Each structure stands twice: as C-alpha cells, then as structure tokens.
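Below is one structure; the comments refer to it alone.
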Amino acid sequence: MTIYNFEDDASHMNLDQMYMREAYKLAQKAYEEDEVPIGAIIVSHGKIIGKGYNLTERLNDVTAHAEMQAFTAAANYLGGKYLKDCTLYVTVEPCVMCAGASYWTQISKIVYGAKDEKRGYASINPKIVHPKTEVIAGVMEAECRELMQQFFKSKR
C-alpha cells in the first residue's frame, strides 16, 4: 500500500506529473490516429477511472473531445454523473465546452499541461469552471505544447 503526503508540494507535483504522463500517452495515440493530440484521464483515490483522447475525426463529432470521453468513462465507472473527489488530467487547457462539462460534473481538480491561448476556457470565460474546482496549469507544459505544435506543423 502506498501512502501519499499531499501536504508535500514536491510529492504532489511528482504525482501530477505521473498522471499527466498517462494523459500524454493518450495524446500520442490521438496523434498517431491523425486526431488533434489531446489526452485526458480521470483519477479517483489513486486509481485511473476514465480515459479519453480526441475522437472528433473518427466519430465525425465535434463534441468527442478527450475530456468528454474521460468524463463519460469515469461516470460509467462510478455509476453516477458527479465526479467529486476526482481529478482530471488533460494535456491541453480545456475549451469552453469541456470546462462547462467539468462544471456540471463537480470535479474537484483539473490539472492541464499546455495553455490554449486561442480556444482555452481561461481566456474566454475563466468563471466557467466550478468555483470549488482547483485548477493547476503547466504540468509537462513543454512536452504537451510541442506535441500540439508538431501536429499542426504537419498539417500546413
């Protein structure tokens, strides 16, 4: 049994990086499938209960974002729509749609990698995230940003 001391910022950051690496693997999978490379996982009490990556091209569905896939998987796992005591790890700052969905899930924490200056929720409406949701930005930021830049450079 592993015990984590969340009072220690260093171990907390290492935990966030560990989970972000898992989300990053999903972003790489999206990249390989020619989807916008964003990956997301949801963690509850140290266990990954939901995963997702962008499937908008494959499903021909503009709502098939990584976060939405992860929310659905986690809600199905828990048997309910609320994700209290859960953390969303996503490689890129959520858009307004995904941030709005996170509001309704009442998720406790959102950790993201790269900022999205054009479509990220914070630059459009930072109040869209639930007021009790803790948000941490910049975990594995350079790697997450580089993967996005690499993807879009290949499209030009």
Side-chain angles (χ1 to χ4, degrees), residues 2-31 35-56 63-78 80-151:
T2 303
I3 298 173
Y4 297 102
N5 179 0
F6 290 104
E7 299 302 317
D8 180 359
D9 287 341
S11 69
H12 189 268
M13 184 53 123
N14 289 337
L15 193 59
D16 284 347
Q17 288 176 341
M18 179 186 81
Y19 286 125
M20 186 61 77
R21 275 194 289 280
E22 294 304 311
Y24 186 80
K25 289 176 189 175
L26 292 168
Q28 289 175 309
K29 186 171 183 177
Y31 183 93
E35 295 276 357
V36 175
I38 299 175
I41 66 167
I42 295 178
V43 176
S44 177
H45 304 290
K47 181 176 183 177
I48 297 172
I49 63 166
K51 295 180 179 184
Y53 61 92
N54 271 2
L55 293 172
T56 58
T63 68
H65 289 195
E67 300 95 323
M68 303 299 271
Q69 304 299 315
F71 290 150
T72 299
N76 286 336
Y77 178 86
L78 293 174
K81 60 186 177 182
Y82 297 116
L83 302 177
K84 294 179 180 179
D85 300 321
C86 294
T87 301
L88 167 67
Y89 291 89
V90 60
T91 56
V92 175
E93 176 186 0
C95 70
V96 173
M97 175 185 70
C98 294
S102 79
Y103 182 99
W104 294 110
T105 69
Q106 299 179 17
I107 200 154
S108 298
K109 184 176 168 185
I110 298 172
V111 179
Y112 68 84
K115 186 155 186 58
D116 185 343
E117 299 289 340
K118 293 181 182 177
R119 293 176 195 88
Y121 83 91
S123 60
I124 297 169
N125 183 359
K127 293 182 179 181
I128 201 164
V129 171
H130 197 280
K132 292 183 179 178
T133 300
E134 177 187 2
V135 178
I136 297 175
V139 176
M140 288 183 56
E141 181 176 13
E143 298 95 320
C144 295
R145 182 178 51 250
E146 173 62 30
L147 187 61
M148 289 288 284
Q149 289 172 341
Q150 197 177 353
F151 177 79

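All figures in this text were calculated on a predicted structure; none of them were measured in a lab. Numbering of residues begins at 1 and proceeds along the displayed sequence. Values below: all heavy atoms of this structure, side chains included; hydrogens, waters and symmetry mates excluded.
Ring geometry for Tyr19 versus Tyr89: interplanar angle of 30 to 60°, hence tilted. Ring pair Tyr121/Tyr112 is perpendicular by interplanar angle, where above 60° counts as perpendicular and below 30° as parallel.
For Thr133 against Ile107, the heavy-atom pair with the smallest separation is OG1-O, 2.7 Å. Contact detail for Ile41 and Glu22: the closest heavy-atom pair is CD1-CB, 3.9 Å. Closest approach of Tyr31 and Pro37 over heavy atoms only: CB-CB, 3.8 Å. Of all non-hydrogen atoms in Tyr53 and Gln69, the two that sit nearest each other are O-CG, 3.8 Å. Shortest non-hydrogen contact noted between Thr91 and Cys144 is O-CB, 3.2 Å. Residues Tyr103 and Val129 share a closest heavy-atom pair of CD1-C, 3.7 Å.
Annotation: Lys115, atom NZ; neighbour count of heavy atoms from other residues, nucleotides and ligands within 6.0 Å is above 12. Taking a 6.0 Å sphere around CZ of Phe151, one finds it holds more than 12 heavy atoms contributed by other residues, nucleotides or ligands.
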Show your reasoning for whether side-chain contact (heavy atoms from CB on, under 4.5 Å) applies to Cys98 and Leu88.
CA-CA 11 Å; Cys98 294; Leu88 167 67; over 6 Å; no
Under the side-chain contact (heavy atoms from CB on, under 4.5 Å) criterion, do Met97 and Thr63 qualify, and how do the steps go?
CA-CA 8 Å; Met97 175 185 70; Thr63 68; 3.9 Å; yes
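Atom CD of Gln28 sits about 6.5 Å away from atom CG of Leu147, to the nearest 0.5 Å. Considering NZ of Lys84 and NZ of Lys132, their distance stands at 7.5 Å, rounded to 0.5 Å. Note: Leu55 CG to Ile38 CD1 = 11.5 Å, rounded to the nearest 0.5 Å. In this structure, Lys29 NZ and Leu26 CG are separated by 7.5 Å, a value rounded to the nearest 0.5 Å. Between Ile48 atom CD1 and Thr87 atom OG1 the span is 11.5 Å, to the nearest 0.5 Å. The CG atom of Leu83 sits 8.5 Å away from atom OG of Ser44, with the distance rounded to the nearest 0.5 Å.
Between Val36 and Thr56, every side-chain heavy-atom pair lies at or beyond the 4.5 Å cut-off. Proximity of Arg145 to Met148: side-chain heavy atoms (C-beta onward) are nowhere separated by under 4.5 Å.
Listed for the Glu67 side chain is no donor-acceptor partner under 3.5 Å among the backbone atoms of Val90. Without hydrogens or angle criteria, Asn54 side chain to Glu35 main chain gives no donor-acceptor distance under 3.5 Å. Remark: the backbone N or O of Asp116 is paired with a side-chain donor or acceptor of Glu93 at under 3.5 angstrom.
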